[in-house]
Amino acid sequence: MASALYNSFKKKIMDGSIDLDTDTIKIALCTSSYTPNIDTHDFFDDITNELSTASGYTAGGASLANKSITVDTTNDLAYFDADDTTWTATGTLTFRYGILYKSTGTASTSPLIGYIDFVTDRSAINGETLYLQWPTAGILKLT
């Protein structure tokens, strides 16, 4: 599994236009036809090939719940975390990418944060629960 932050996020976190623990942060799922570009993709309207509303998935993705920021003064780190995200498949869900973004309710003003590349297509079929388990150390770590 690989992941990257969109370059526009780096500016937005520094200028305060994204507040990870108070803004609505979502994760959307995209097929392998999406090609991430950390330099030119900056808002959710740049994302292509998101799964459509069907089979237990809702277009726009799922909101992260119970978000938190933790500061580790011993190791001089800060962590962003949230509860694991789940979808229950009512058909077949096939995806390759998870896209984190701040949702404003409008794709053209919803800034991108980062993406997860699961390297190959992943699927959940009818009745299965798809778990996106965030790392124990959190979703994002700033050093």
J.: Under a single-linkage rule joining Ile, Leu, Val, Met, Phe, Trp and Tyr whose side-chain heavy atoms are separated by less than 4.5 Å, which residues share a cluster with Phe43?
T.: none

J.: Asn7 and side-chain contact (heavy atoms from CB on, under 4.5 Å): which partner among Ile38, Asp42, Leu112, Thr40?
T.: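 Of the listed options, the one satisfying the test is Ile38.
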
J.: Which pair of heavy atoms, one from Asp84 and one from Gln133, lies closest together, and at what distance?
T.: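 Reported closest heavy-atom pair: OD2-CG, 3.3 Å.
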
J.: Mind checking whether Ile18 and Met14 sit in one hydrophobic cluster, side chains of I, L, V, M, F, W, Y counted as touching below 4.5 Å?
T.: yes

J.: Please step through side chain to side chain contact (heavy atoms under 4.5 Å, CB included) for the pair Leu64 and Thr85, ending with a clear verdict.
T.: CA-CA 7 Å; Leu64 300 188; Thr85 306; 3.5 Å; yes

J.: Which heavy-atom pair separates Asp121 from Ser32 by the least distance, and what is that distance?
T.: OD1-CB, 3.3 Å

J.: Could you give the distance from OG1 (Thr70) to CG (Asp21), rounded to the nearest 0.5 Å?
T.: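 Those atoms lie 10.0 Å apart.
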
J.: Measuring from atom OG1 of Thr22 to atom CD1 of Ile69, what distance do you get when rounded to the nearest 0.5 angstrom?
T.: 9.0 Å

J.: Show the nearest heavy-atom pair for residues Pro111 and Lys12, with the distance to one decimal.
T.: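 Shortest heavy-atom separation between Pro111 and Lys12 comes out as CB-CD, 3.5 Å.
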
J.: Quick one: salt bridge (Lys or Arg N to Asp or Glu O under 4.0 Å) partners of Lys141, sequence neighbours excluded?
T.: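 Once residues adjacent in sequence are excluded, Lys141 has no partner under the salt bridge (Lys or Arg N to Asp or Glu O under 4.0 Å) criterion.
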
J.: At what distance, to the nearest 0.5 angstrom, does CG of Leu93 lie from CG of Leu51?
T.: 6.5 Å

J.: Which heavy-atom pair separates Thr31 from Thr94 by the least distance, and what is that distance?
T.: CG2-O, 4.2 Å

J.: Work out which heavy atom in Lys26 is nearest to a heavy atom in Ser103; give both atom names and the distance.
T.: CD-CB, 3.8 Å

J.: Working to the nearest 0.5 angstrom, can you tell me the gap between Leu132 CG and Thr86 OG1?
T.: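 So the gap between those two atoms works out to 9.5 Å.
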
J.: Report yes if the side chains of Leu140 and Phe9 come closer than 4.5 Å at any heavy-atom pair, otherwise no.
T.: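 Yes. Closest side-chain heavy atoms under 4.5 Å.
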
J.: Compare all side-chain heavy atoms of Trp87 with those of Ile27 and state whether any distance is below 4.5 angstrom.
T.: yes

J.: Do any N or O atoms from the side chain of Thr88 and from the backbone of Thr129 form a donor-acceptor pair under 3.5 angstrom?
T.: no

J.: Answer yes or no: is there a side-chain heavy-atom contact under 4.5 Å between Tyr57 and Leu29?
T.: yes

J.: Return the minimal non-hydrogen interatomic distance between Ala124 and Leu130, and the atom names on each side.
T.: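 Where Ala124 meets Leu130 most closely, the heavy atoms are CB-CB, 4.1 Å.
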
J.: Ignoring hydrogens and geometry, is there a side-chain-to-backbone donor-acceptor pair from Glu50 to Gly60 under 3.5 Å?
T.: yes

J.: Would you mind listing every ring pair (Phe, Tyr, Trp, His ring centres under 6.0 Å) that reaches into residues 20-40, with sequence neighbours excluded?
T.: Tyr34-His41, Tyr34-Tyr97

J.: Leu5, Ile13: one ILVMFWY side-chain cluster at the under-4.5 Å cut-off?
T.: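 Yes, it is one cluster - the side chains of Leu5 and Ile13 are joined through contacts under 4.5 Å.
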
J.: Decide side chain to side chain contact (heavy atoms under 4.5 Å, CB included) for Asp46 and Phe44; before the verdict, give the C-alpha distance in whole Å, the side-chain angles of both, and the deciding distance to 0.1 Å.
T.: CA-CA 5 Å; Asp46 292 322; Phe44 195 66; over 6 Å; no

J.: Output every pair passing side chain to side chain donor-acceptor pair (under 3.5 Å) with a member in residues 60-69, not counting sequence neighbours, ordered by first then second residue.
T.: Asn66-Asp83

J.: Do the side chains of Thr24 and Lys102 get nearer than 4.5 Å, heavy atoms only?
T.: no

J.: What residues form a ring-ring contact (aromatic ring centres under 6.0 Å, His included) with Phe95, not counting sequence neighbours?
T.: Phe118

J.: Quick check: are there more than 12 heavy atoms from other residues, nucleotides or ligands sitting under 6.0 Å from NZ of Lys11?
T.: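 Not buried by this count: 12 neighbours or fewer within 6.0 Å.
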
J.: Quick check: do Cys30 and Ile47 have side-chain heavy atoms less than 4.5 Å from each other?
T.: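 Answer yes - side chains close enough.
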
J.: Please answer whether the main-chain N or O of Ile25 pairs with a side-chain N or O of Asp23 as donor and acceptor at a distance below 3.5 Å.
T.: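 A pair under 3.5 Å: no.
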
J.: Filter on ring pair (Phe, Tyr, Trp, His ring centres under 6.0 Å), then keep only pairs touching residues 123-143, sequence neighbours left out; what's left?
T.: none

J.: Side chains of Thr109 and Thr104 only: does a donor on one sit below 3.5 Å from an acceptor on the other?
T.: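 Indeed, the side chains of Thr109 and Thr104 share at least one donor-acceptor pair under 3.5 Å.
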
J.: Report yes or no: does Asp72 contribute a side-chain atom to a donor-acceptor pair with the main-chain N or O of Leu77 at less than 3.5 Å?
T.: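 The answer is no, because no donor-acceptor pair under 3.5 Å joins these two groups.
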
